[in-house]
Chemist: 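Take this structure first; my questions come after.
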Amino acid sequence: MTTKSKLCLIALAIVSLTFSSCKSEDPVPENDGELITDVTLTFQELDESNNPVGDTFEFTASDAEGIEIGSTPTVETVVLSKGKKYQMYIDVYNSVAGEDITAEIYAESDEHQFYFLGSAFTSSPFLSYEYDDEGNELIGLKGIVTVQQSPGFNNANMQILLRHDLDKNFPGASNPNFLDYAQAGGESDLDITFPVVVE
């Protein structure tokens with residue numbers, strides 16, 4: 001075999017090795033966050049002693065692809081009354097897998113916490129929120145929402161944010177309206193904004 005033929009074979013081998021080594025062996029990154037397709041906010045008025053009054057009523061947000069990844073979630077407007085106090089429950093569901101995510105959040109209560117942001121709670125707030133979960137963990141699946149008697153305006157946005165794997169002992173993390181929630185670490189499993197009207 002001539003030297004020229006040997007060089008051609010060597011070059012061909014090097015090119016083959018180069019192409020085969022370019023194949024990616026990296027695993028596809030997985031999203032460990034929960035797939036949430038439906039969020040339901042259930043309200044019931046409370047009297048001055050925090051006893052339930054009247055019937056419950058609810059508002060929903062949904063997206064069949066998942067609220068975090070879908071392009072057009074359907075979100076109902078939350079309508080509340082001035083000067084009233086309400087018990088609010090949050091239920092979250094994955095209709096794709098038929099999973100009750102609310103139960104998972106309760107089971108992993110030390111790893112999850114809701115924050116309540118948006119103009120309804122932070123910039124010119126007419127709503128206040130107080131955690132009222134059973135047990136010692138602050139979660140936000142059950143809370144008390146109070147509407148001001150004389151708000152400066154009657155509509156705003158209620159951003160509901162679910163953080164996963166955060167440091168609950170981080171300074172400020174116990175505040176349900178904690179604007180610097182990202183500093184406590186973790187990731188967002190849910191970030192949905194409901195329009196709110198008070199009348």
Side-chain angles (χ1 to χ4, degrees), residues 34-64 66-68 70 72-109 112-163 174-177 189-199:
E34 304 287 0
L35 177 65
I36 295 172
T37 59
D38 302 272
V39 177
T40 302
L41 307 181
T42 302
F43 291 84
Q44 185 166 24
E45 185 180 339
L46 299 175
D47 65 17
E48 292 180 1
S49 301
N50 285 347
N51 296 312
V53 177
D55 296 328
T56 62
F57 54 99
E58 60 186 40
F59 306 96
T60 61
S62 61
D63 192 309
I67 288 174
E68 284 298 293
T72 55
T74 301
V75 184
E76 293 184 334
T77 298
V78 175
V79 180
L80 303 173
S81 297
K82 297 176 183 178
K84 299 290 186 181
K85 184 190 295 186
Y86 300 93
Q87 189 85 70
M88 183 179 80
Y89 297 90
I90 301 177
D91 289 291
V92 290
Y93 192 73
N94 175 356
S95 62
V96 175
E99 292 178 337
D100 181 1
I101 306 300
T102 310
E104 290 186 28
I105 294 169
Y106 270 124
E108 300 174 355
S109 59
H112 291 89
Q113 188 169 337
F114 283 92
Y115 288 100
F116 302 88
L117 308 172
S119 55
F121 292 105
T122 56
S123 29
S124 297
F126 58 60
L127 299 182
S128 64
Y129 182 92
E130 176 186 347
Y131 291 113
D132 193 33
D133 300 286
E134 309 296 335
N136 297 323
E137 289 289 346
L138 300 180
I139 312 168
L141 287 168
K142 178 184 177 188
I144 296 175
V145 173
T146 303
V147 186
Q148 286 185 14
Q149 180 65 52
S150 302
F153 52 99
N154 68 349
N155 62 82
N157 291 316
M158 174 194 295
Q159 179 188 8
I160 296 179
L161 186 72
L162 174 60
R163 297 293 286 178
S174 61
N175 175 3
N177 313 127
D189 282 343
L190 173 70
D191 187 351
I192 184 73
T193 298
F194 285 82
V196 184
V197 172
V198 293
E199 48 185 34

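Computed from a prediction, not measured in an experiment: that's the story for all the values here.
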Chemist: Please name the pair of heavy atoms, one in F194 and one in A61, separated by the smallest distance, quoted to 0.1 Å.
Modeler: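 Looking at all heavy atoms of both residues, the shortest contact is CZ-CB, 3.6 Å.
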Chemist: Might you confirm whether atom CG of N51 has over 12 heavy atoms from other residues, nucleotides or ligands at distances under 6.0 Å?
Modeler: yes
Chemist: Can any side-chain N or O of N177 pair as donor or acceptor with the backbone N or O of F121 at less than 3.5 Å?
Modeler: no
Chemist: Specify the closest pair of heavy atoms between V145 and L127, including all atoms of both residues, with the distance to one decimal.
Modeler: CG1-CD2, 4.2 Å
Chemist: Only one of D47, T146, N50 passes side chain to side chain donor-acceptor pair (under 3.5 Å) with K85; say which it is.
Modeler: N50
Chemist: Could you grab the distance from atom CD of Q149 to atom NZ of K84, nearest 0.5 Å is fine?
Modeler: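 Spacing of CD (Q149) from NZ (K84) equals 8.5 Å.
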Chemist: Evaluate the side-chain contact (heavy atoms from CB on, under 4.5 Å) criterion for residues T56 and Y89: first the C-alpha distance (whole Å), next the side-chain angles of each, then the deciding distance (0.1 Å), finally the verdict.
Modeler: CA-CA 10 Å; T56 62; Y89 297 90; over 6 Å; no
Chemist: Specify the closest pair of heavy atoms between Q113 and S174, including all atoms of both residues, with the distance to one decimal.
Modeler: NE2-CA, 4.2 Å
Chemist: So how far is it from Q44 CD to F57 CZ, rounded to the nearest 0.5 Å?
Modeler: 9.0 Å
Chemist: Evaluate the ring planes of F43 and Y86, with Trp represented by its six-membered ring, and classify them as parallel (under 30°), tilted (30 to 60°) or perpendicular (over 60°).
Modeler: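 Answer is perpendicular, since the angle exceeds 60°.
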Chemist: Taking L161's backbone N and O only, do any of them form a donor-acceptor pair with D191's side chain (distance below 3.5 Å, no angle check)?
Modeler: no
Chemist: Please report the closest heavy-atom contact between T37 and A64, naming both atoms and the distance.
Modeler: CG2-O, 3.9 Å
Chemist: What's the spacing between N157 CG and T193 OG1 if we round to 0.5 Å?
Modeler: 6.0 Å
Chemist: Check step by step if side-chain contact (heavy atoms from CB on, under 4.5 Å) holds for L141 and D133.
Modeler: CA-CA 7 Å; L141 287 168; D133 300 286; 3.9 Å; yes
Chemist: Given 3.5 Å as the limit, does a donor-acceptor pair link the side chain of T77 with the main chain of V196, or not?
Modeler: no
Chemist: Which heavy atom of S81 sits nearest to which heavy atom of V147, and what is that distance?
Modeler: O-CB, 3.4 Å
Chemist: Any non-hydrogen side-chain atom of P195 less than 4.5 Å from a side-chain atom of N155?
Modeler: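 No, side chains not in contact.
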Chemist: Determine the interplanar angle of the F116 and Y129 rings, folded into 0 to 90°, and report it as parallel if under 30°, tilted if 30 to 60°, perpendicular if over 60°.
Modeler: parallel
Chemist: Looking at I160, T60, I192, which hits side chain to side chain contact (heavy atoms under 4.5 Å, CB included) with L41?
Modeler: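 Among I160, T60, I192, the one meeting side chain to side chain contact (heavy atoms under 4.5 Å, CB included) with L41 is I160.
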Chemist: Which residues pass the salt bridge (Lys or Arg N to Asp or Glu O under 4.0 Å) test with E199, sequence neighbours left out?
Modeler: none
Chemist: Checking salt bridge (charged side-chain N to carboxylate O under 4.0 Å, His left out) between K142 and each of E134, E130, E137, which is the one that passes?
Modeler: E134
Chemist: Report the distance from atom CZ of F114 to atom CD1 of I105, rounding to the nearest 0.5 Å.
Modeler: 4.5 Å
Chemist: Rounded to the nearest 0.5 Å, what's the gap from OH on Y115 to CG on L162? Could you check?
Modeler: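 So the OH of Y115 and the CG of L162 are separated by 10.5 Å.
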Chemist: Considering non-hydrogen atoms only, spot the tightest contact between G140 and I90 and give its length.
Modeler: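 Closest approach of G140 to I90, heavy atoms only: O-CD1, 3.4 Å.
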Chemist: Return the CG to CE distance between L46 and M88, rounded to the nearest 0.5 Å.
Modeler: 12.0 Å
